[in-house]
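Structure first, then comments.
Proteins come first, then strands; the chains are lettered A, B, ... in the order of their sequence lines, and each starts at number 1.
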Amino acid sequence: MYRLAGRLAPWFGGLCLLSLALGLYLGLVVAPADYEQGDSYRIIYIHVPAAWMSMFVYVVMATSSAIFLIWRLKIADVVAEASAPIGAAFTAVALLTGSFWGKPMWGTWWIWDARLTSELLLLFLYLGYMALRGALDTPQGSARAAAILAVVGVVNIPIIHFSVEWWNTLHQPATISKLDKPSMHISMLRPLLLMVLAFQMLYFHNLMVRLRTLILTRESRASWVAELNPETGN
Amino acid sequence: MAEFLNMGGYAFYVWTSYFLALILLGGVALWTSMQSRKVRLSAIRKAQQRRRKS
């Protein structure tokens, strides 16, 4: 697992930079301005990928936490622990960029509507998870407690996703849906998908690097660690 | 170029958003790689010292 993560990391990193460069160029330079929102809509190219990733990373975290609780698979716990910081960062980016989009379009930085409130709750779930990992004296105890929090918190994910349909919110409904034709022109859609790919690759790259760090920390007494090169880690 | 930077009058909102994303996501990436380097150096060195002693 340690070696596999090391081999995959540069590929994810390279793909991330490639799609990031192309996505930013197409989104900021090539795509036309929106007929209603002008150039302010360009915030979408970081807001939507960050919001999507905030939920995706949480689902990964909750799923691997469940696997850890049921089958006691240690690597699943490592995946969950490694995912939390980048997931929290995606959530913070989604909230902040949403605020900077809401101000010019809605006239307010923040309102307590269902979408915004449930996304804020997601940030607190991430922060609570990270705090809990260090809170108990025994590593096994805090791993189990944090895993339970992650699994219970997953109820928030459908709430975030469907909040714009269940309640009347100020937040606009989804732009891209798997079932319908996207309500967006291809010149605006292509950079958005590229940015989603870039953020996805950023997560995978970050996950691989953090997995290696966590495995090294946990297995520092294993004999194979002594055979690695300290400069490269391989 | 000036027109591009102006973002149709929304420069403040658009560029602040991109800047915040860069700081937060770049920050996590940077922290991750610094932590990875630190752990790599100390964990592997310690393991090798233990091996030499035994």
Name the region of [X], side chain, backbone, both or neither, that has any atom closer than 4.5 Å to a heavy atom of chain B.
| X | answer |
| --- | --- |
| M105(A) | side chain |
| L202(A) | side chain |
| L214(A) | neither |

**Q.** Shortest non-hydrogen separation from A43(B) to V225(A) and the atoms involved
**A.** O-CG1, 4.0 Å
Q. Rounded to the nearest 0.5 Å, how far apart are CG of L25(B) and CD1 of I46(A)?
A. 8.5 Å
Q. Does a sphere of radius 6.0 Å around CZ in F4(B) hold more than 12 heavy atoms from other residues, nucleotides or ligands, not counting ones at 6.0 Å or beyond?
A. yes
Could you list each N or O donor-acceptor pair linking chain A to chain B at a distance under 3.5 Å?
unit_1  : atom_1 : unit_2 : atom_2 : d
D39(A)  : OD2    : G8(B)  : N      : 3.1
R42(A)  : O      : Y18(B) : OH     : 2.7
N206(A) : ND2    : T32(B) : OG1    : 3.1
R210(A) : NH1    : T32(B) : OG1    : 3.3
S220(A) : O      : R50(B) : NH2    : 2.8
S223(A) : O      : R51(B) : NH2    : 3.4
A226(A) : O      : Q48(B) : NE2    : 3.1
E227(A) : OE2    : R51(B) : NH2    : 3.3
L228(A) : O      : Q48(B) : NE2    : 2.9
E231(A) : O      : R40(B) : NH2    : 3.2

